[in-house]
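Below is one structure; the comments refer to it alone.
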Amino acid sequence: MQTLNFQQLWRYQDQLIDGTLHTLLLTLVAAVIGTAIGVTAASAVRSGPRPVRWAIRGYVELIRNTPSLIQLFVVFFVLPGFGLRMDAFEAAAIALGLYFGAYCTEIVRAGLESIPGSQVEAGQCLGLSRWQVFRHIVLPPALRSVYPAFTSQFVLLLLGTSLASQISAEELFHTGGFIETRTYRSFEVYAVICGIYFALVMIFKLLFAAVGHLAFRWPVRR
(Lines give C-alpha, C1' and ligand atoms only; values in the text may rest on other atoms or scores of the structure.)
Protein backbone atom coordinates (compact mmCIF):
# COMPACT_ATOMS: atom_id res chain seq x y z
CA MET A 1 0.00 0.00 0.00
CA GLN A 2 1.42 3.37 -1.04
CA THR A 3 1.92 5.78 1.86
CA LEU A 4 0.91 9.40 1.63
CA ASN A 5 3.71 11.82 0.91
CA PHE A 6 2.96 15.52 0.62
CA GLN A 7 6.60 16.61 0.84
CA GLN A 8 7.12 16.20 -2.91
CA LEU A 9 4.49 18.88 -3.55
CA TRP A 10 6.40 21.52 -1.61
CA ARG A 11 8.71 22.20 -4.53
CA TYR A 12 5.68 23.14 -6.65
CA GLN A 13 4.40 25.79 -4.28
CA ASP A 14 5.09 28.56 -6.81
CA GLN A 15 2.99 26.78 -9.46
CA LEU A 16 0.18 26.29 -6.94
CA ILE A 17 0.25 29.98 -6.05
CA ASP A 18 0.23 30.96 -9.74
CA GLY A 19 -2.65 28.56 -10.42
CA THR A 20 -4.62 29.98 -7.49
CA LEU A 21 -4.06 33.55 -8.69
CA HIS A 22 -5.12 32.62 -12.23
CA THR A 23 -8.27 30.99 -10.82
CA LEU A 24 -9.09 34.13 -8.87
CA LEU A 25 -8.42 36.34 -11.89
CA LEU A 26 -10.53 34.13 -14.16
CA THR A 27 -13.38 34.17 -11.63
CA LEU A 28 -13.31 37.95 -11.23
CA VAL A 29 -13.12 38.66 -14.98
CA ALA A 30 -15.98 36.24 -15.70
CA ALA A 31 -18.00 37.74 -12.83
CA VAL A 32 -17.55 41.27 -14.19
CA ILE A 33 -18.56 40.16 -17.70
CA GLY A 34 -21.52 38.18 -16.36
CA THR A 35 -22.72 40.94 -14.04
CA ALA A 36 -22.63 43.48 -16.87
CA ILE A 37 -24.58 41.07 -19.07
CA GLY A 38 -27.04 40.26 -16.29
CA VAL A 39 -27.85 43.86 -15.33
CA THR A 40 -28.17 44.96 -18.96
CA ALA A 41 -30.24 41.94 -20.02
CA ALA A 42 -32.52 42.10 -16.98
CA SER A 43 -33.22 45.78 -17.64
CA ALA A 44 -33.95 45.01 -21.31
CA VAL A 45 -36.28 42.15 -20.38
CA ARG A 46 -38.16 44.51 -18.09
CA SER A 47 -38.60 47.43 -20.49
CA GLY A 48 -37.09 46.56 -23.89
CA PRO A 49 -38.88 45.86 -27.19
CA ARG A 50 -40.37 42.41 -27.73
CA PRO A 51 -37.70 41.06 -30.18
CA VAL A 52 -34.98 41.99 -27.69
CA ARG A 53 -36.86 40.26 -24.86
CA TRP A 54 -37.24 37.14 -27.01
CA ALA A 55 -33.54 37.14 -27.88
CA ILE A 56 -32.56 37.46 -24.21
CA ARG A 57 -34.97 34.69 -23.21
CA GLY A 58 -33.41 32.46 -25.85
CA TYR A 59 -29.90 33.23 -24.61
CA VAL A 60 -30.84 32.50 -20.99
CA GLU A 61 -32.57 29.21 -21.81
CA LEU A 62 -29.76 28.09 -24.12
CA ILE A 63 -27.05 28.70 -21.53
CA ARG A 64 -28.99 27.29 -18.58
CA ASN A 65 -29.99 24.09 -20.39
CA THR A 66 -26.74 23.06 -22.06
CA PRO A 67 -23.52 21.75 -20.46
CA SER A 68 -21.03 24.43 -19.52
CA LEU A 69 -18.19 22.36 -20.97
CA ILE A 70 -19.81 22.39 -24.41
CA GLN A 71 -20.27 26.17 -24.17
CA LEU A 72 -16.57 26.44 -23.39
CA PHE A 73 -15.65 24.26 -26.39
CA VAL A 74 -17.88 26.34 -28.68
CA VAL A 75 -16.18 29.58 -27.64
CA PHE A 76 -12.68 28.13 -27.88
CA PHE A 77 -12.96 25.90 -30.97
CA VAL A 78 -15.86 27.28 -33.03
CA LEU A 79 -15.56 31.07 -32.75
CA PRO A 80 -12.03 31.11 -34.29
CA GLY A 81 -13.70 29.80 -37.44
CA PHE A 82 -15.56 33.13 -37.61
CA GLY A 83 -12.37 35.14 -37.12
CA LEU A 84 -12.67 35.54 -33.32
CA ARG A 85 -9.33 34.15 -32.20
CA MET A 86 -8.42 34.15 -28.52
CA ASP A 87 -6.15 32.32 -26.14
CA ALA A 88 -7.38 29.73 -23.63
CA PHE A 89 -7.72 32.18 -20.74
CA GLU A 90 -9.71 34.69 -22.82
CA ALA A 91 -11.99 31.95 -24.16
CA ALA A 92 -12.60 30.62 -20.65
CA ALA A 93 -13.36 34.11 -19.33
CA ILE A 94 -15.88 34.75 -22.11
CA ALA A 95 -17.55 31.32 -21.82
CA LEU A 96 -17.82 31.54 -18.03
CA GLY A 97 -18.94 35.16 -18.30
CA LEU A 98 -21.77 34.15 -20.64
CA TYR A 99 -22.67 31.32 -18.25
CA PHE A 100 -22.67 33.64 -15.23
CA GLY A 101 -24.54 36.31 -17.20
CA ALA A 102 -27.46 34.00 -17.96
CA TYR A 103 -27.99 33.17 -14.29
CA CYS A 104 -27.31 36.75 -13.25
CA THR A 105 -30.01 37.91 -15.69
CA GLU A 106 -32.60 35.80 -13.92
CA ILE A 107 -31.35 36.83 -10.48
CA VAL A 108 -31.47 40.56 -11.26
CA ARG A 109 -34.80 40.23 -13.06
CA ALA A 110 -36.32 38.51 -10.05
CA GLY A 111 -35.00 41.26 -7.81
CA LEU A 112 -36.45 44.03 -9.97
CA GLU A 113 -39.81 42.29 -10.26
CA SER A 114 -39.99 41.85 -6.48
CA ILE A 115 -40.55 45.59 -6.09
CA PRO A 116 -44.29 46.40 -6.00
CA GLY A 117 -45.41 48.63 -8.86
CA SER A 118 -47.29 50.80 -6.37
CA GLN A 119 -43.99 51.97 -4.89
CA VAL A 120 -42.71 53.03 -8.31
CA GLU A 121 -45.96 54.85 -9.01
CA ALA A 122 -45.74 56.58 -5.63
CA GLY A 123 -42.24 57.82 -6.46
CA GLN A 124 -43.41 59.11 -9.83
CA CYS A 125 -46.34 60.91 -8.16
CA LEU A 126 -43.83 62.66 -5.87
CA GLY A 127 -42.12 64.10 -8.94
CA LEU A 128 -39.03 61.88 -8.86
CA SER A 129 -37.27 61.28 -12.15
CA ARG A 130 -36.98 57.79 -13.63
CA TRP A 131 -33.37 57.53 -12.38
CA GLN A 132 -34.31 58.79 -8.91
CA VAL A 133 -37.09 56.22 -8.67
CA PHE A 134 -34.66 53.48 -9.68
CA ARG A 135 -31.88 54.75 -7.36
CA HIS A 136 -33.91 55.40 -4.22
CA ILE A 137 -36.95 53.10 -4.50
CA VAL A 138 -36.12 50.12 -6.72
CA LEU A 139 -32.39 49.50 -6.28
CA PRO A 140 -31.92 49.20 -2.45
CA PRO A 141 -34.56 46.49 -1.81
CA ALA A 142 -33.77 44.76 -5.12
CA LEU A 143 -30.07 44.47 -4.25
CA ARG A 144 -30.91 43.17 -0.83
CA SER A 145 -33.23 40.48 -2.15
CA VAL A 146 -30.83 39.20 -4.85
CA TYR A 147 -27.60 39.41 -2.81
CA PRO A 148 -27.75 35.84 -1.35
CA ALA A 149 -28.50 34.30 -4.77
CA PHE A 150 -25.76 36.38 -6.41
CA THR A 151 -23.13 35.29 -3.88
CA SER A 152 -24.12 31.62 -4.23
CA GLN A 153 -23.81 31.90 -8.01
CA PHE A 154 -20.40 33.54 -7.61
CA VAL A 155 -19.20 30.56 -5.55
CA LEU A 156 -20.47 28.17 -8.25
CA LEU A 157 -18.60 30.26 -10.82
CA LEU A 158 -15.40 29.97 -8.78
CA LEU A 159 -15.70 26.18 -8.63
CA GLY A 160 -16.68 26.08 -12.32
CA THR A 161 -13.38 27.62 -13.39
CA SER A 162 -11.91 24.10 -13.13
CA LEU A 163 -13.59 23.40 -16.49
CA ALA A 164 -11.09 25.77 -18.09
CA SER A 165 -8.42 23.10 -17.59
CA GLN A 166 -10.07 21.20 -20.49
CA ILE A 167 -8.75 23.82 -22.94
CA SER A 168 -5.41 24.11 -21.09
CA ALA A 169 -6.17 27.47 -19.48
CA GLU A 170 -3.68 28.02 -16.69
CA GLU A 171 -5.73 27.84 -13.52
CA LEU A 172 -5.62 25.79 -10.33
CA PHE A 173 -7.03 22.49 -11.63
CA HIS A 174 -4.75 22.63 -14.68
CA THR A 175 -1.83 23.22 -12.34
CA GLY A 176 -2.87 20.11 -10.39
CA GLY A 177 -2.70 18.04 -13.57
CA PHE A 178 0.75 19.44 -14.34
CA ILE A 179 2.08 18.52 -10.89
CA GLU A 180 0.47 15.08 -11.00
CA THR A 181 2.28 14.14 -14.22
CA ARG A 182 5.59 14.91 -12.52
CA THR A 183 5.04 13.41 -9.08
CA TYR A 184 2.56 10.59 -9.75
CA ARG A 185 0.97 11.54 -6.43
CA SER A 186 -2.61 11.88 -7.60
CA PHE A 187 -4.30 11.68 -4.22
CA GLU A 188 -1.95 14.13 -2.54
CA VAL A 189 -2.11 16.58 -5.46
CA TYR A 190 -5.88 16.70 -5.71
CA ALA A 191 -6.26 16.70 -1.91
CA VAL A 192 -4.21 19.90 -1.86
CA ILE A 193 -6.15 21.33 -4.83
CA CYS A 194 -9.44 20.50 -3.09
CA GLY A 195 -8.19 22.15 0.09
CA ILE A 196 -7.28 25.33 -1.80
CA TYR A 197 -10.72 25.47 -3.48
CA PHE A 198 -12.36 24.95 -0.08
CA ALA A 199 -10.29 27.72 1.47
CA LEU A 200 -11.13 30.12 -1.39
CA VAL A 201 -14.84 29.38 -1.11
CA MET A 202 -14.85 29.91 2.66
CA ILE A 203 -12.89 33.17 2.31
CA PHE A 204 -15.36 34.51 -0.26
CA LYS A 205 -18.34 33.40 1.85
CA LEU A 206 -16.97 35.24 4.86
CA LEU A 207 -16.17 38.28 2.69
CA PHE A 208 -19.65 38.35 1.15
CA ALA A 209 -21.23 37.89 4.58
CA ALA A 210 -19.25 40.84 5.95
CA VAL A 211 -20.12 43.03 2.94
CA GLY A 212 -23.78 42.03 3.20
CA HIS A 213 -23.81 42.80 6.91
CA LEU A 214 -22.37 46.26 6.33
CA ALA A 215 -24.40 47.09 3.24
CA PHE A 216 -27.78 45.72 4.33
CA ARG A 217 -27.77 46.12 8.10
CA TRP A 218 -30.40 48.82 7.88
CA PRO A 219 -33.94 47.59 7.20
CA VAL A 220 -35.44 48.55 3.85
CA ARG A 221 -38.98 49.71 4.22
CA ARG A 222 -41.58 48.68 1.65
Establish whether [X] and [Y] are linked, either directly or via other cluster members, by ILVMFWY side-chain heavy-atom contacts under 4.5 Å.
| X | Y | value |
| --- | --- | --- |
| Leu157 | Phe198 | no |
| Leu16 | Trp10 | no |
| Leu163 | Ile193 | no |
| Leu79 | Leu72 | no |
| Leu112 | Ile137 | yes |

Closest non-hydrogen atom pair between [X] and [Y], with its separation:
| X | Y | value |
| --- | --- | --- |
| Val75 | Met86 | CG1-SD, 3.9 Å |
| Gln71 | Ile63 | NE2-O, 2.8 Å |
| Val29 | Ala93 | CG1-CB, 3.8 Å |
| Gly38 | Val108 | O-CB, 4.3 Å |
| Ala169 | His174 | O-CB, 3.2 Å |
| Gly111 | Val146 | CA-CG1, 3.3 Å |

In Å, rounded to the nearest 0.5 Å, how long is the span from [atom1] of [X] to [atom2] of [Y]?
| X | Y | atom1 | atom2 | answer |
| --- | --- | --- | --- | --- |
| Leu98 | Ile37 | CG | CD1 | 5.0 Å |
| Lys205 | Ile203 | NZ | CD1 | 13.0 Å |
| Leu9 | Glu180 | CG | CD | 11.0 Å |
| Leu26 | Ser162 | CG | OG | 10.0 Å |
| Ile179 | Arg185 | CD1 | CZ | 14.0 Å |
| Leu28 | Leu158 | CG | CG | 9.0 Å |

Main-chain N/O of [Y] paired with [X] side-chain donor or acceptor, under 3.5 Å:
| X | Y | value |
| --- | --- | --- |
| His213 | Ala209 | no |
| Gln15 | Thr175 | no |
| Thr35 | Val32 | no |
| Glu170 | His22 | no |
| Gln153 | Phe150 | no |
| Thr23 | Leu172 | yes |

Query raised in the report: Hey, what's the ring geometry for Tyr190 with Phe173, parallel, tilted or perpendicular (30° and 60° as the breaks)?
Result: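 Aromatic pair Tyr190/Phe173 classed tilted.
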Query raised in the report: Under the ring pair (Phe, Tyr, Trp, His ring centres under 6.0 Å) rule, what pairs show up with a residue in residues 63-88, not counting sequence neighbours?
Result: Phe73-Phe77
Requested in this report: Tell me, yes or no, whether the heavy-atom count around Gln13 atom CD, taken from other residues, nucleotides or ligands under 6.0 Å, exceeds 12.
Outcome: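 Yes, enclosed.
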Query - Over 12 non-hydrogen atoms of neighbours within 6.0 angstrom of CZ in Phe6 - result: yes
Report task. Determine, stepwise, if the pair Thr183 / Tyr12 fulfils side chain to side chain contact (heavy atoms under 4.5 Å, CB included). Result -> CA-CA 10 Å; Thr183 62; Tyr12 297 100; 3.4 Å; yes
**Report entry** Residues forming a side chain to side chain donor-acceptor pair (under 3.5 Å) with Tyr197, sequence neighbours excluded
**Finding:** Glu171
Query raised in the report: Looking at side-chain heavy atoms only, is the closest gap between Phe204 and Thr27 below 4.5 Å?
Result: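 The answer is no, as the side chains (C-beta and beyond) never meet within the 4.5 Å cut-off.
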Query raised in the report: Just wondering, do Leu96 and Phe100 contact through their side chains at under 4.5 Å, heavy atoms?
Result: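 Side chain of Phe100 against side chain of Leu96, heavy atoms only: no contact under 4.5 Å found.
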Report task. Kindly determine whether Glu61 and Arg57 satisfy salt bridge (Lys or Arg N to Asp or Glu O under 4.0 Å), including the steps that lead there. Result -> CA-CA 6 Å; Glu61 293 302 325; Arg57 291 289 186 191; 5.8 Å; no
**Report entry** Trace of the side chain to side chain contact (heavy atoms under 4.5 Å, CB included) decision for Arg64 with Glu106
**Finding:** CA-CA 10 Å; Arg64 295 178 66 188; Glu106 288 299 277; 3.2 Å; yes
Query raised in the report: Would Tyr103 and Tyr99 count as a close aromatic pair, with their ring centres under 6.0 Å?
Result: yes
